[in-house]
Amino acid sequence: MPAIFTPVASLKGQSVASATQFSRADIDALIQLALDMRAHIEAGNTIDALHGRVMTPLFFEDSSRTLSSFCAAMMRLGGNVVNFKVETSSVNKGETLQDTVRTLDAYSDVLVLRHPKEEALEQAIGAATHPVMNAGNGAGEHPSQALLDTLTIHAELGAVDGITIALIGDLKKGRTVHSLLKLLTHNFDLKKVYLVAPAGLEMPQEVLDHVSADVQRRGIQLEQAAGLTPTIVGDCDVLYTTRLQKERFEASATGDADAMAAFAAAKSGLLIDKARLADAKAKMIVMHPLPRVDELSVDVDSDPRAAYFRQMRYGLFMRMAILFSVLA
Ligand code: ASP
Ligand code: CP
């Protein structure tokens, strides 16, 4: 039976550039839409709402989840995807980002961009006549990840207000934690946020400045730490860990060796494994945007509190909700 879904009206025709563009009403509506779509799909139904619409992903950086889930989301809505590959495109002949965007924009209703440079997003939005989904702009933001992370917390714990969350790992270059901190502090009455990072890899001051008014207004406790402790682990409803963004340190000029050495030295203090979870509550979740490297042990995978593989699947339904709202 064809279901009637209601798009989130404020997203219609809009680019998704930053986690800061979403209101609490937008987020609540996207979560409900994603959960409704999940129920419909998991009951064995299909959706044809974007029949005839075309999406082109432009990925100038590697991806497993974001690329595939945006493509799967478009296809599960009845739309089509152009199989554009940067590696075999005229980018190799020296074509600029703007001209590449103009080209794919001429063939598509929506573009999905991942790029190692933060400024590439604004350049692409400037060159496109259709909405651009930010699938990660350098160390900047990853807004659809923050939305799927919020959906994960809501679906797994029943609420986002009132939680205590630790963001762990490379908070300096990790774009998922930048977007998630902005989205959560702006829209939810969190109890406490722990920012757990080794020296040199702390949350950038500009992100802290950005969230400080919301943190104060909502009375959110914010605590920085250099490593995980039994107290932090025991206090959290969500342990959100991340890998060292090695490629960003390798690509930039100074201080890299120091930051990477600091991460290596701090590794054991950041590791989440089965033994560490002995201090955690019975009802809590471990999240990771993935890919994991060695900051999250495989011995956690069989623990019911390990939510990171479920988190990937929530991403499919959140991206369906986003594309449907932008294009419907
Ligand atoms: N996949 C996420 C990103 O692209 C996290 C990561 O790569 O560590 O930002
Ligand atoms: N979470 C995430 O963005 O994964 P990918 O880098 O594999 O897309």
Side-chain angles (χ1 to χ4, degrees), residues 16-19 34 55-74 81 84-87 111-118 120-121 132-153 166-183 196-198 201 203-204 207 238-252 259-260 263-264 267 270-272 285-297 306-320 322-323:
V16 170
S18 165
M55 181 188 91
T56 302
L58 287 90
F59 275 58
F60 291 78
E61 249 187 15
D62 296 340
S63 170
S64 296
R65 279 144 291 270
T66 312
L67 173 61
S68 310
S69 63
F70 262 114
C71 292
M74 190 65 184
V81 177
F84 177 76
K85 294 259 177 283
V86 170
E87 314 82 78
L111 303 174
V112 184
L113 179 76
R114 172 171 284 190
H115 201 285
K117 294 203 168 86
E118 282 187 51
L121 176 71
V132 178
M133 305 296 105
N134 179 7
N137 60 323
E141 285 220 42
H142 197 343
S144 65
Q145 178 76 43
L147 288 165
L148 80 86
D149 292 342
T150 307
L151 166 62
T152 303
I153 298 169
L167 304 179
I168 306 154
D170 181 356
L171 305 187
K172 181 177 183 183
K173 301 278 186 185
R175 56 196 172 197
T176 69
V177 285
H178 300 165
S179 286
L180 187 57
L181 184 66
K182 289 176 186 174
L183 187 132
V196 184
L201 293 172
M203 188 63 77
V207 179
V238 179
L239 292 173
Y240 187 107
T241 190
T242 61
R243 73 181 171 96
L244 175 71
Q245 304 289 294
K246 201 164 168 267
E247 66 276 26
R248 294 198 207 296
F249 289 101
E250 284 169 351
S252 69
M260 287 169 75
F263 195 87
K267 227 176 196 169
L270 300 174
L271 175 71
I272 295 188
I285 51 172
V286 179
M287 296 176 66
H288 193 311
L290 303 176
R292 71 171 148 192
V293 186
D294 50 9
E295 63 288 334
L296 174 57
S297 169
Y308 33 93
F309 297 134
R310 298 191 292 276
Q311 187 181 348
M312 297 192 299
R313 183 149 169 92
Y314 290 117
L316 169 66
F317 300 113
M318 180 49 78
R319 290 181 174 124
M320 287 177 72
I322 294 168
L323 288 171

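Owing to the predicted nature of the structure, the values given are computational and were not obtained by experimental measurement. Just so you know, ligand 1 is whichever comes first in the structure, and atom 1 is the first atom listed for that ligand.
Heavy atoms of Met312 come nearer than 4.0 angstrom to ligand 2 in no pair at all. The shell of residues lying under 4.0 angstrom from ligand 2, judged by heavy atoms, includes Arg114. Heavy atoms of Thr242 come nearer than 4.0 angstrom to ligand 1 in no pair at all. For the ligand labelled ligand 1, residue Gly136 lies outside the 4.0 Å heavy-atom shell. Contact between Glu61 and ligand 1 is absent, with no heavy atom of the residue lying under 4.0 Å from the ligand.
For the atom pair Leu167 CG and Leu181 CG, the distance stands at 6.0 Å (nearest 0.5 Å). Once rounded to the nearest 0.5 Å, the distance linking CG of Leu147 with NE2 of His142 reads 11.0 Å. Interatomic distance, Leu316 CG to Cys71 SG, rounded to the nearest 0.5 Å: 11.5 Å.
Taking 4.5 Å as the limit, every side-chain heavy atom of Asn137 sits out of range of all side-chain heavy atoms of Arg175. The side-chain heavy atoms of Phe263 and Leu270, taken from C-beta on, include a pair separated by under 4.5 Å. At a threshold of 4.5 Å between non-hydrogen side-chain atoms, the residues Thr152 and Tyr308 do not count as touching.
Remark: side-chain polar atoms of Gln311 are not paired, donor with acceptor, to backbone N or O of Leu148 under 3.5 angstrom. Between the side chain of Thr242 and the backbone N or O of His288 there is no donor-acceptor pair closer than 3.5 Å. Judged by distance alone, with hydrogens and angles left aside, the side-chain atoms of Arg248 form no donor-acceptor pair with the main-chain N or O of Leu244 at under 3.5 Å. One N or O on the side chain of His178 and one on the backbone of Lys172 form a donor-acceptor pair closer than 3.5 Å. Checking side-chain atoms of Arg114 against main-chain N and O of Ala135 turns up a donor-acceptor pair under 3.5 Å.
Of all protein heavy atoms, the one lying nearest to atom 4 (O) of ligand 1 is Arg175 NH2, 2.8 Å. Taking atom 1 (N) of ligand 1 as the reference point, the nearest protein heavy-atom neighbour is Leu290 O, 2.9 Å. Closest to atom 4 (O) of ligand 2 among all protein heavy atoms lies Arg65 NE, 3.0 Å. Of all protein heavy atoms, the one closest to atom 7 (O) of ligand 2 is Ser64 N, 2.8 Å. The single protein non-hydrogen atom nearest to atom 2 (C) of ligand 2 is Thr66 OG1, 3.4 Å, given as residue, atom name and distance. Atom 7 (O) of ligand 1 has its closest protein heavy atom at Arg243 NH2, 2.9 Å. Annotation: atom 1 (N) of ligand 2 to nearest protein heavy atom, Pro289 O, 2.8 Å.
Residue-ligand proximity, Pro291 to ligand 1, at heavy-atom distances under 4.0 Å covers atoms 1 (N), 6 (C), 7 (O). Those atoms of ligand 1 with a heavy atom of Arg114 less than 4.0 angstrom away are 4 (O). Heavy-atom proximity to Gln145, at under 4.0 Å, picks out these atoms of ligand 2: 1 (N), 2 (C), 3 (O).
Remark: ligand 2 and Leu290 share an N or O pair separated by less than 3.5 Å (distance only, no angle test). At a 3.5 angstrom cut-off on N or O pairs, Gln245 counts as close to ligand 1.
In Thr176, neither the side chain nor the backbone holds a heavy atom less than 4.0 Å from any atom of ligand 2.
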